[in-house]
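Single-structure report; data block below.
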There are 2 protein chains.
Amino acid sequence: MVYDPQAKTDRPAHAVLAVVFQVRDGALQVLLWERALDPFNGAWSLPGGALSAGDTLEASIRRHLAAKVDVRELTHLEQLETLSDLDRNPDVWELATAYLGLIPSDVDPALPHDTRWHPVDKLPTLAFDHAAIVLAARDRLRGKLSYTNIGFAFAPETFTISELRMLYRAALGHEVSSTNLQRVLLRRHLLVPTGTRRESGRAGGRPAALYSFRLRRLEITDQFAVLRPPDRRAEQQQS
Amino acid sequence: MVYDPQAKTDRPAHAVLAVVFQVRDGALQVLLWERALDPFNGAWSLPGGALSAGDTLEASIRRHLAAKVDVRELTHLEQLETLSDLDRNPDVWELATAYLGLIPSDVDPALPHDTRWHPVDKLPTLAFDHAAIVLAARDRLRGKLSYTNIGFAFAPETFTISELRMLYRAALGHEVSSTNLQRVLLRRHLLVPTGTRRESGRAGGRPAALYSFRLRRLEITDQFAVLRPPDRRAEQQQS
DNA sequence: GAGGTTTTATCCTTCAAGTCGATAACCTAT
DNA sequence: ATAGGTTATCGACTTGAAGGATAAAACCTC
């Protein structure tokens, strides 16, 4: 490469990306965008774009996502990791900070024609290192389902235990027992019954009680479960 | 600010930082450096520096750390988060990616005169947002002590259960029972007895058996503990 | 060998989590 | 209305990880 004092190669470009998940049709799906730019023109990739002056990373990813979905539907957004492999973008030196976003299952945001939901289990070939990012995001989500209340972020305001069970099954990738799910989430005080029941428009069966998450922002419910004396455990009942 | 087409304000500067922990004198301590540059000249801050062309983030932090400690002693290094608050550096627009590094308790690397260990419980005033980063790193470490084998990274090659207990106590910040620690780590197959005993140069007492970690790289041992049917749990015995 | 010290094994309790079956509460069809 | 189907919920039971307490083991010094 010829030396060029104007070239900005002493500073990398910085992109932001989001892995936006929603449970749709009983499967965990991710929002993908069909690129209209080189490199990887025409390939599926994660939504995002360049970090621009005056934005924090989170503000930037929200701004870029706003072009794809109604960001007011985003119930959770957290930073994953920053990728810096030198050859992750074949054209330029570019870092990328990835975010995990969640959308509740009861909304169906309008999408531009170049943007679609794809089941995480059947991903197409993705541009850049995006396939690995999606899988890392899925693992992060699965972990947090076990020790936080993150379920609130992909569940509707109110729901029955059966509905919640399907959401957990889709996200975790294995069967989940209604009985156990209810007991675990109730014992941790993550769920509160609304007192109402689902009006049964179905073909029979006992009407299900409706629940909602006690708190609709992230809280840790099981951290330091191990090697902690029991009196300390009681403390986390607070808040 | 006057508009300057040569200014590179369309791309942020990018720094790398490391929170390097070691258990010293029974306390969790962090490696700090006394700044010799503005801003925050003279204040204590995390070691690190600018990301330079040709380096990944991890290569960059290793390079910067090499000026402070013998990086061969670093038994663990993982990315924490990337900070992007617009006013985190009062002078320039700068992102920073923080890393968590660990050093075993049985080495005492030579340090430059501007670099010192500080107990995490008694931090001096730190430059930038570094105090928050240190606390976030400590929390990450504490969490991983519960569900991974990360203890290998601050323990010597071989050790007695009592020695390991002191390390865990310092890192976790609360009492840890030897009996329980041994039982938990053995059940999870994280520890293997070496078969040898510590030659007793002490004032008496039964000689302690020496153990070492079965694996000296990070492995998850308790992920998805909840809502997972027991037959699935058996699978994670693999690897 | 008595007494002190530290380590380690054993027994016990507690409790989160998971399974299974019984009961409850609706529906529809006869 | 009532029998039978369907879904939801509750309660009893089992399992297993985790923590506490005590006793035994294995060294030391005097």
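Per chain, numbering begins at 1; letters A, B, ... match sequence-line order. Everything numeric here is computed off the predicted structure, so don't read it as measured data.
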- Hey, are the side chains of Arg217(A) and His76(A) touching, using non-hydrogen atoms and a 4.5 Å cut-off? no
Taking distance alone, no hydrogens or angles, what donor-acceptor pairs closer than 3.5 Å link side-chain atoms of residues 108-117 of chain A to residues at least two apart or in another chain?
residue	atom	partner	partner atom	Å
Asp108(A)	OD1	Arg24(A)	NH1	3.1
Asp108(A)	OD1	Arg24(A)	NH2	3.0
Asp114(A)	OD2	Trp33(A)	NE1	2.7

key: Under-4.0 Å salt bridge between Lys144(A) and Asp139(A)   =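 Between Asp139(A) and Lys144(A) there is no salt bridge, as every charged N stays at least 4.0 Å from the carboxylate O atoms.
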request  = Give a yes or no on whether a salt bridge exists between Glu175(B) and Arg165(B), defined as a side-chain N under 4.0 angstrom from a carboxylate O.
outcome  = yes
| query | Contact class for Thr179(A) (heavy atom, under 4.0 Å): base, sugar-phosphate, or nothing? | reply |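 Base: the residue Thr179(A), judged by heavy atoms under 4.0 Å, touches a nucleobase.
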Side chain of [X], heavy atoms from C-beta onward: which of [options] has the nearest atom to it?
X         : options                   : value
Arg188(B) : dG18(C), dA18(D), dT10(C) : dA18(D)
Arg183(B) : dG20(D), dA18(D), dT8(C)  : dG20(D)
Gln182(A) : dG19(D), dC10(D), dA8(D)  : dC10(D)
Ser177(A) : dT19(C), dT9(D), dA18(D)  : dT19(C)
Val226(B) : dA8(D), dA17(C), dC10(D)  : dA17(C)
Ala208(A) : dG18(C), dA8(D), dA18(D)  : dA8(D)

Is it the case that the base of dG19(D) and the side chain of Arg228(A) share a donor-acceptor contact (distance under 3.5 Å, atom types as modelled)?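 Answer no: no donor N or O sits under 3.5 Å from an acceptor.
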Nearest-angstrom distance from the residue atom [atom1] of [X] to [atom2] of [N]:
X         : N       : atom1 : atom2 : value
Glu175(B) : dG19(D) : CD    : P     : 14 Å
Leu190(B) : dA17(D) : CG    : C1'   : 14 Å
Tyr211(B) : dA9(C)  : OH    : C1'   : 10 Å
Ile161(B) : dT5(C)  : CD1   : C1'   : 18 Å
Tyr168(B) : dG19(D) : OH    : P     : 12 Å
Arg165(B) : dT7(C)  : CZ    : C1'   : 12 Å
Leu186(A) : dA17(C) : CG    : P     : 12 Å
Leu227(A) : dG19(D) : CG    : C1'   : 10 Å

Given the rule in the side chain to side chain donor-acceptor pair (under 3.5 Å) test, do Thr194(B) and Thr196(B) qualify, once you have shown the distances and angles that lead to the verdict?
CA-CA 5 Å; Thr194(B) 65; Thr196(B) 59; 2.8 Å; yes
### Query
Are OP1 or OP2 of dC28(D) and a side-chain N or O of Arg206(B) less than 4.0 angstrom apart?
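For Arg206(B), the contact criterion (side-chain N or O under 4.0 Å from OP1 or OP2 of dC28(D)) is not met.
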